[in-house]
**Q** 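After the structure tokens below, expect a handful of questions from me.
Model, not experiment: these values are computed from the prediction.
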Amino acid sequence: LSLCLTGFTLESEEGSCSYDKQEIGAGADCSGDISQSEACQTEDCPVDCAYGDWTEWTGCFPYCNGTQVRHRNVSVQGASGGAPCSETLESQEC
């Protein structure tokens, strides 16, 4: 009499899932492949947009009743369903 067990192992470094069969007990060998692999976690994780710090406000232009602006750089673009980037330039009256 033979009994085969199926175990599950996640091979994170290879990005695959492995299923191993083992023979226990006495009798005939287990039939079929002794291991099986398939790809898993093949989709990229969502990445949210990330920004650097805002710059200081510029001087008021023209001097009276004008506009000041500031900006920030995108350090990481949103990808794979993560939050997209929005405005990187702001203005205000001065």
Side-chain angles (χ1 to χ4, degrees):
L1 177 66
S2 238
L3 176 63
C4 293
L5 292 181
T6 302
F8 173 78
T9 307
L10 176 62
E11 303 288 343
S12 59
E13 292 178 353
E14 297 175 15
S16 66
C17 301
S18 295
Y19 302 89
D20 296 320
K21 296 179 182 177
Q22 310 180 51
E23 178 188 347
I24 63 171
D29 292 339
C30 295
S31 62
D33 293 333
I34 61 168
S35 68
Q36 190 176 14
S37 295
E38 67 180 59
C40 59
Q41 299 178 341
T42 57
E43 294 183 25
D44 293 335
C45 294
V47 176
D48 291 341
C49 179
Y51 302 94
D53 294 333
W54 286 103
T55 62
E56 296 294 321
W57 289 102
T58 62
C60 190
F61 184 81
Y63 186 69
C64 293
N65 297 321
T67 304
Q68 292 177 295
V69 295
R70 69 180 183 167
H71 71 277
R72 61 185 175 175
N73 293 319
V74 172
S75 55
V76 177
Q77 286 288 343
S80 301
C85 297
S86 60
E87 294 298 319
T88 58
L89 183 68
E90 286 186 337
S91 62
Q92 67 181 11
E93 292 181 7
C94 52

**Q** Is Gln68 reaching over with its side chain to a backbone N or O of Gly59, donor-acceptor style, under 3.5 angstrom?
**A**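 No.
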**Q** NE2 of His71 to OG1 of Thr88: how many Å apart, nearest 0.5 Å?
**A**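 That separation rounds to 8.0 Å.
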**Q** So which heavy atom on Cys85 is nearest to which on Gln77, and how close?
**A**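 Nearest pair, atom of Cys85 first, then Gln77: SG-OE1, 3.7 Å.
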**Q** State the OH-CH2 distance between Tyr51 and Trp54, to the nearest 0.5 angstrom.
**A**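 If we round to the nearest 0.5 Å, Tyr51:OH and Trp54:CH2 are 8.0 Å apart.
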**Q** Which atom names give the shortest non-hydrogen contact between Ser80 and Cys45, and what distance separates them?
**A**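 Of all heavy-atom pairs spanning Ser80 and Cys45, the closest is CB-O, 3.6 Å.
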**Q** When rounded to the nearest 0.5 angstrom, what distance separates OG1 in Thr55 from CZ in Arg72?
**A**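 Result: 10.5 Å between the selected atoms.
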**Q** Nearest heavy-atom pair of Ala83 and Asp48: which atoms, and what distance?
**A**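 Looks like N-OD1, 2.8 Å.
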**Q** Test Thr67 against every option in Pro62, Cys60, Ser91 by the side-chain contact (heavy atoms from CB on, under 4.5 Å) rule and name the one that passes.
**A**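 The option that passes is Ser91.
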**Q** Heavy-atom count check: over 12 atoms from other residues, nucleotides or ligands less than 6.0 Å from Glu43 CD?
**A**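 No, not enclosed.
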**Q** Kindly give the heavy-atom pair with the smallest separation between Trp57 and Glu90, and that separation in Å.
**A**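 Between these two residues, the closest heavy atoms are CZ3-O, 3.6 Å.
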**Q** Counting distance only, does the side-chain N/O of Thr58 pair as donor-acceptor with the main-chain N or O of Val69 below 3.5 Å?
**A**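 Such a contact is found between Thr58 side chain and Val69 backbone.
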**Q** Which atom names give the shortest non-hydrogen contact between Gly52 and Ser75, and what distance separates them?
**A**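 Looking at all heavy atoms of both residues, the closest pair is N-OG, 4.3 Å.
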